[in-house]
Amino acid sequence: MILFNVPAVTGKEQEFIERVVQNRRFSGDGEFTGLSSRWMESKFDTTKALLTTSCTHALEMSAILADIKEGDEVILPSYTFVSTANAFVLRGAKIVFVDIRPDTMNIDETLIEAAITPRTKAIVPVHYAGVSCEMDAIMEIAEKYNLFVIEDAAQGVMSKYKGKYLGSIGHLGCYSFHETKNYNCGEGGALLVNELPFVERAEIIREKGTDRSRFFRGQVDKYTWVDLGSSYLPSEINAAFLYAQLQTADVINENRRKSWDLYYRELEELQRLERITLPFIPDNCIHNAHMFYLKCKSLDERTRLINFLKSNEIQSVFHYIPLHSSKAGEKFGYFHGMDNHTTKESEKLLRLPMYYDMNSSDIGKVIEMLYKFYL
Ligand SMILES: *Cc1c(COP(=O)(O)O)cnc(C)c1O
């Protein structure tokens with residue numbers, strides 16, 4: 001069976017975990033959390049990178065940092081993972097879903113302004129498949145209406161928009177290190193704090209609402225409960241595993257890009273024959289090959305293709321059921337404007353096997369089966 005995902009292992013994970021075992025220091029914010037944070041801060045050019053237990057938790061921290069309250073509105077695409085919305089609903093927000101662009105599957109930046117009301121507090125762009133949203137347009141709208149921009153860059157680690165790393169462009173950026181993502185530690189994430197005034201409060205929120213970080217830096221002589229918060233820091237064991245992956249981030253990235261390019265090159269003919277649609281990468285974006293997807297003509301065709309690939313020992317999967325048509329989505333949000341693309345495009349999208357160190361002969365087999373299905 002050619003699996004849809006095989007999480008990366010790069011070689012140093014065991015050695016680093018062994019070091020944690022020997023150090024006898026397992027709780028958060030030890031040596032490897034520090035190494036991972038400093039690595040991200042210098043690589044991604046952000047003010048502060050805080051490791052979290054997941055991207056979901058980085059998003060929840062963002063909602064607290066943005067002071068989201070009962071009745072506030074938050075704008076995001078309906079074509080995303082539940083956590084993008086849940087984090088804000090937990091603080092009492094109403095979710096305002098905006099349609100996506102059919103070419104990138106990202107929020108349509110030209111529809112955001114019309115969805116803004118006096119209650120709007122934040123925009124949450126999701127960089128689908130590690131391909132950037134139109135951040136210049138989004139930041140401009142945010143500035144005009146004084147809104148927070150929280151990037152859901154769960155899939156966008158190492159991707160760039162106009163030379164800047166995704167996650168470092170908005171006020172806050174959220175990464176995922178779940179095993180289905182490019183760089184992983186099983187379950188994990190990070191919050192990028194891109195503006196100095198938010199750093200101290202972010203540390204407090206992450207440490208159960210206490211000023212423990214300040215205490216350890218010697219800035220206060222005891223630590224106490226000072227704000228809202230929860231336990232958002234991962235153990236050193238996870239951080240050690242993650243640091244091994246971050247150290248080899250460029251190697252992983254290049255390897256995934258090679259696989260992605262091979263898929264694209266070999267499938268261009270099927271696109272030319274108008275059998276399938278391939279992903280679109282805007283000129284100003286350098287992507288991280290998080291995902292290789294194609295679009296079928298219809299839901300029915302996609303179902304037949306999944307079954308055909310499965311019968312040929314190839315695992316392929318579809319992606320999000322749009323949030324606005326889910327039970328919770330109906331309760332906690334509404335779709336602003338017309339759903340011209342979200343539902344239609346989501347029904348056609350199919351993700352092919354894609355992971356670090358994937359055998360090129362396996363990619364060849366997937367390509368061969370696609371030709372067999374379509375021609
Ligand atoms: C994976 C993902 C998340 C959640 O990440 P976790 O680390 O599993 O919490 C959130 N948003 C998007 C777009 C994702 O792809």
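Atoms within each ligand, like the ligands themselves, are counted from 1 in listed order. Values reported hereafter were calculated over all heavy atoms of this structure, with side chains retained and with hydrogens, waters and symmetry mates removed. Positions are given from 1 along the sequence.
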Participant: At a non-hydrogen distance cut-off of under 4.0 Å, which region of T56 contacts ligand 1 (side chain, backbone, both, or neither)?
Facilitator: both

Participant: Would you call R304 and D300 a salt bridge, taking side-chain N to carboxylate O under 4.0 Å as the test?
Facilitator: yes

Participant: I want to know whether F241 and F16 have ring centres closer than 6.0 Å.
Facilitator: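 Centroid separation for F241 and F16: 6.0 Å or greater.
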
Participant: Taking the six-membered ring for Trp, are the ring centroids of Y355 and F292 within less than 6.0 Å of each other?
Facilitator: no

Participant: Would D136 and K162 pass as an ion pair if we require N to O under 4.0 Å?
Facilitator: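 Salt bridge flag = yes for K162 with D136.
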
Participant: Please report whether ligand 1 has a polar contact with T80, defined as an N or O pair separated by less than 3.5 Å (distance criterion only).
Facilitator: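 No - when backbone and side-chain N and O of T80 are compared with those of ligand 1, no distance drops under 3.5 Å.
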
Participant: Under 4.0 Å from a heavy atom of V126: which atoms of ligand 1 are those, numbered in the order shown and with their elements?
Facilitator: 13 (C)

Participant: Among protein heavy atoms, which sits nearest to atom 15 (O) of ligand 1, and what does the distance come to when rounded to 0.1 Å?
Facilitator: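 Ranking protein heavy atoms by distance from atom 15 (O) of ligand 1, first comes Q155 NE2, 2.9 Å.
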
Participant: Counting heavy atoms only, which part of Y79 comes closer than 4.0 Å to ligand 1: side chain, backbone, both or neither?
Facilitator: neither

Participant: Among all the protein's non-hydrogen atoms, which is closest to atom 11 (N) of ligand 1, and how far away is it?
Facilitator: D152 OD2, 2.8 Å

Participant: Less than 4.0 angstrom from a charged side-chain N to a carboxylate O is my criterion; do E203 and R214 meet it?
Facilitator: no

Participant: Using a strict 4.0 Å threshold on nitrogen-to-oxygen distance, state whether R201 and D67 make a salt bridge.
Facilitator: yes

Participant: Give the residue, atom name and distance (to 0.1 Å) of the protein heavy atom nearest atom 3 (C) of ligand 1.
Facilitator: F81 CD2, 3.5 Å

Participant: Which is it for S54 and ligand 1 at heavy atoms under 4.0 Å: side chain, backbone, both or neither?
Facilitator: both

Participant: Closer than 4.0 Å to some heavy atom of G188 - which atoms of ligand 1 meet that?
Facilitator: 7 (O)

Participant: Tell me yes or no: between the side chains of E236 and S27, is some donor less than 3.5 Å from an acceptor?
Facilitator: no

Participant: For atom 14 (C) of ligand 1, what is the nearest protein heavy atom, given as residue, atom name and distance?
Facilitator: A154 CB, 3.3 Å

Participant: Compute whether any side-chain donor of one residue and acceptor of the other, for Y223 and E207, lie under 3.5 angstrom apart.
Facilitator: no

Participant: Ligand 1 and S176, any nitrogen or oxygen pair closer than 3.5 angstrom?
Facilitator: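 Right, the criterion is met.
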
Participant: Relative to the heavy atoms of K181, which atoms of ligand 1 are at a distance of less than 4.0 Å?
Facilitator: 1 (C), 2 (C), 14 (C), 15 (O)

